[in-house]
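Any value given below was found using the heavy atoms of this structure, including those in side chains, with hydrogens, waters and symmetry copies removed. By convention in this document, chain letters (A, B, ...) are assigned in the order of the sequence lines, proteins followed by strands, and residues within each chain are numbered from 1.
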Protein chains: 2
Amino acid sequence: MMTPSTVEETQGAFRALADPTRRAILMHLSARDMTIGEVTEHFSITRAAVKKHLTILEEGQLISVQASGRERINRLEPLGLKSVSDWINHFNQFWDERLLDLQRAVENHERTNNG
Amino acid sequence: MMTPSTVEETQGAFRALADPTRRAILMHLSARDMTIGEVTEHFSITRAAVKKHLTILEEGQLISVQASGRERINRLEPLGLKSVSDWINHFNQFWDERLLDLQRAVENHERTNNG
DNA sequence: TTGACATAATACCAATTGGTTGCATTTAAT
DNA sequence: ATTAAATGCAACCAATTGGTATTATGTCAA
């Protein structure tokens, strides 16, 4: 279980997340599935530009697209964020250490000044 | 507590993480602090290119730089990843839901075939 | 003080990016 | 059968990106 994310998946996901418009699109799709037109309504750029963003999100496996008549339904694929989450988690160790450092520093400061 | 990450911090961090070389640099710095020259040894690009990457990592607050004589020590700032972690966590909810869906599907499949 | 070392800063380049417009195609509705 | 709607696609553009090479600056050591 827990098949590790490939380097390509990781790169595709990070690349897709680098743009603020794309992150906003993911937020909108977390509320509900949407057609390209519906996604576009939330922004002040053209539909063609939104389509490009959606393609990059699809390549990063952060969304999936399902054709339905003349529409294309864009759906959030939350599991696609796993490769990113995994990568970040590698640093949790250092993160925790740093938080402890800060904590100790604050305690020291309090002891020195109030104790 | 838990001061929320600003939009700018989030953008700087995501932007910095989009490049595979920069992610690799962070990995190296998680082992130990390094000068620009030391970081460069791990790659096949020029020191100037590495310096540019380090600048972007610093802007994204993922590393800090401390001058020491003629050297500049680059240090991982794991807390800088917090804004990214926070953003990702927004999707954990949907992630968990999707995992449950998968789990139920597998159980159903097993029941249908073996039960 | 001279030379070597580590970095800074600038100009330059090709490729990529995020956006546009215009036109073609497919599907739904009258 | 027409028309309108939703999308696909290609050409184009300015700005940014990731890299280079070159030159300048500050610092350590002999």
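Considering every non-hydrogen atom in both A:Ala18 and B:Gln11, the closest pair reads O-NE2, 3.2 Å.
Protein atom CD of B:Glu59 is 13 Å distant from nucleotide atom P of D:dT16, rounded to whole Å. For the pair B:Asn74 CG and C:dA8 C1', the computed distance is 14 Å after rounding to whole Å. Protein atom NZ of B:Lys51 is 16 Å distant from nucleotide atom C1' of D:dT22, rounded to whole Å. Atom P of nucleotide D:dC28 and atom CZ of B:Arg72 are separated by 14 Å, given to the nearest angstrom.
In this structure, CE in A:Met34 is found 6.5 Å from NE2 in A:His28, a value given to the nearest 0.5 Å. Distance check: A:Leu57 CG to A:Lys52 NZ gives 14.5 Å after rounding to the nearest 0.5 Å. Note that CD1 of B:Ile63 is 13.0 Å distant from OG of B:Ser30, once rounded to the nearest 0.5 Å.
At a threshold of 4.5 Å between non-hydrogen side-chain atoms, the residues B:Leu62 and B:Val84 do not count as touching.
Contacts between residues 30-38 of chain A and DNA chain D, counted as heavy-atom distances below 4.0 Å, involve A:Thr35, A:Ile36, A:Gly37.
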Side-chain atoms of residues 40-48 of chain A: list all donor-acceptor pairs with protein atoms under 3.5 Å, sequence neighbours left out, distances to 0.1 Å.
{"residue": "A:Thr40", "atom": "OG1", "partner": "A:Ile36", "partner atom": "O", "Å": "2.8"}
{"residue": "A:His42", "atom": "ND1", "partner": "A:Glu38", "partner atom": "O", "Å": "3.1"}
{"residue": "A:Thr46", "atom": "OG1", "partner": "A:Ala49", "partner atom": "N", "Å": "3.3"}

Could you walk me through whether A:Asn74 and A:Asp33 pass the side-chain contact (heavy atoms from CB on, under 4.5 Å) test, one step at a time?
CA-CA 6 Å; A:Asn74 298 274; A:Asp33 298 352; over 6 Å; no
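Under 4.0 Å is where a charged nitrogen must lie from a carboxylate oxygen, and between B:Asp86 and B:Lys82 at least one such pair does.
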Can you give one letter per nucleotide of nucleotides 17-30 of chain C, 5' to 3': B if a protein heavy atom sits under 4.0 Å from the base, S if only from the sugar-phosphate, - if neither?
SSBBB-----BS--
